[in-house]
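We count ligands from 1, going down the list as the structure has it; atoms in each ligand are counted the same way. Values reported hereafter were calculated over all heavy atoms of this structure, with side chains retained and with hydrogens, waters and symmetry mates removed.
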Amino acid sequence: MEWETVIGLEIHTQLRTKSKIFSGASTAYGAEPNTQACAVDIAMPGVLPVMNKEAARMAVKFGLAVGAKINQTSIFDRKNYFYPDLPKGYQISQLELPIVGEGTITIDVNGEKKTIGITRAHLEEDAGKSLHEDFHGMTGIDLNRAGTPLIEIVSEPDMRSATEAVAYLKTIHSLVRYLDICDGNMQEGSFRCDANVSVRPKGQKEFGTRAELKNINSFRFVEKAIDIEVERQIDILESGGRVVQETRLYDSDKNETRSMRSKEEANDYRYFPDPDLPKMVLDDEVIEEIRAELPELPDARCKRFIDEYSLSDYDAETLTASRELADYYEAAVKALPTQPKLIANWVNGELAAGLNRDNLNITDSPVSADKLGQLVARIDDNTISGKIAKEVFEAIWNGEGSADEIIEKRGLKQISDDSAIEPIIDEILANNSGQVEQYKGGNTKLLGFFVGQVMKATQGKANPKQVNELLRKKLDN
Ligand code: ADP
Ligand code: MG
């Protein structure tokens, strides 16, 4: 039988506010345990939550960016469960009336566009962390993260493969970075997702029973976890069994999913509106103010790159995949406005390869946008060839200075002076009379050989175009 995969994602996105969603404690990552947990975060009796306006604005920003309905009145609910890292005994979340309602986002899978429905995005607080490693036979509790604002972005079950799920996740990741509402750091847990996965016979309308996969903290693991879970479900169904609805944990070391709890064991959260928090009401004015603050979004920026810089779809999409990369590119173009395409080649080529090799982000690039622009300018004005430019690029990467400094120091200036190149050509022709004979006898492919010899003799510094022209002139006469 042919099977179809159905996937819906729930993404927890930490909002980049300075303080927590219901208290004034700092949200900065990496502090000593429990130094950023105030009375509200540790649930001292008698404390009251106060909503952080900035968190609400960020949620609205997201909603507007995905064309969602903004609920101008939304309600906070208590989601009750017991866990050591949740001292209140409940998490403040939104159930019936989330701040962001239905929206959509377009993903691109191998050049094909697909629209994915967003069901909702609600505001909630993060829990603390249990630390198992440093305490023998005990568990430590760090409440620094307790109360960090999140939006949980829930998708429709619209994805049909792990590849689509990853594309969706990357698109949302890029968007929240563009909007500057989340730092996107997956290692630190600022952006994490649960994947709901089911399979059904191809052509069947009803969805199959789903499993919810937890604990997936990288793009690569999302793909692997879904693929392995789909395999598991198909195996069960093909051997006549039934998939049970449950929560499963992905173990990246073993590349397997295993049951955490079934639906029967699932918590009854006993949601009810939090009596300590009033309804949140957003005026039209506030929403319009936020709309006016929206930055240029990835799709619009991509289109503009194609129009303004005459880039290919591929180049523009690659360069706008993250806001930082797009900013870098535009800063480099500013340094050399006449060569947007050549700069795109360098950013997507040599620079991307170097970052990948050294496992660096664009924001940590050892070659600044300015320096790259200056380097490309030296190719553009024929000071150096593209080939020599790669050597110069490496040197800039290694901190040896600017393009001009390196070209000067290493004596890499291209030789573009006919009177300097001609004697070298004459010498090479004289020393290779056999090949000259063959060339004149009709083997014109040998031109490449002569060019190679001249480039070698000049350590790659001769202007290749000129070498070609001069050689032709001499050999064809
Ligand atoms: P819950 O309240 O248990 O989290 P929801 O109805 O909110 O359940 O759905 C959570 C996620 O599961 C959503 O992203 C939704 O798209 C997805 N989902 C629902 N049904 C299925 C299914 N049969 N297969 C795959 N994903 C599903
Ligand atoms: Mg849910």
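- In this structure, E246 pairs ionically with R248, as a charged nitrogen and a carboxylate oxygen lie closer than 4.0 Å.
- For ligand 1, the atoms lying closer than 4.0 Å to a non-hydrogen atom of V6 are 24 (N), 25 (C).
- Of the polar atoms of P157, at least one N or O is found under 3.5 Å from an N or O of ligand 1, judged by distance alone.
- Ring orientation note: the planes of F76 and F22 are nearly perpendicular, at an angle over 60° on the 30°/60° scale.
- Annotation for F305 and A316: closest pair CB-CB, 3.9 Å, computed over non-hydrogen atoms.
- The ligand atoms of ligand 1 that sit less than 4.0 angstrom from a heavy atom of F207 are 23 (N).
- Heavy atoms of N196 found under 4.0 angstrom from ligand 1 belong to the backbone as well as the side chain.
- D180 places none of its side-chain heavy atoms less than 4.5 Å from the side chain of P295.
- Proximity annotation for atom 13 (C) of ligand 1: of S155, G8, G117, S155 comes nearest, heavy atoms only.
- Using a cutoff of 4.0 Å between basic side-chain nitrogens and carboxylate oxygens, E293 and R57 are scored as salt-bridged.
- Taking a cutoff of 4.0 Å between a charged side-chain nitrogen and a carboxylate oxygen, K279 and D274 do not qualify as a salt bridge.
- With E212, R210, E10, E152 as candidates, the residue nearest to atom 27 (C) of ligand 1 on a non-hydrogen basis is R210.
- For ligand 1, the atoms sitting less than 4.0 Å from at least one non-hydrogen atom of E156 are 16 (O), numbered in the order shown with element in parentheses.
- The heavy atom nearest to atom 24 (N) of ligand 1, out of those in S198, A211, G208, is found in S198.
- Contacts with ligand 1 closer than 4.0 Å are made by no heavy atom of T119, backbone or side chain.
- Against a heavy-atom cut-off of under 4.0 Å, V154 is close to the following atoms of ligand 1: 13 (C), 14 (O).
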ask   = Would S402 and Q374 satisfy side-chain hydrogen bond (donor to acceptor under 3.5 Å, both in side chains), going step by step from the backbone distance to the final call?
value = CA-CA 8 Å; S402 69; Q374 292 157 11; 4.8 Å; no

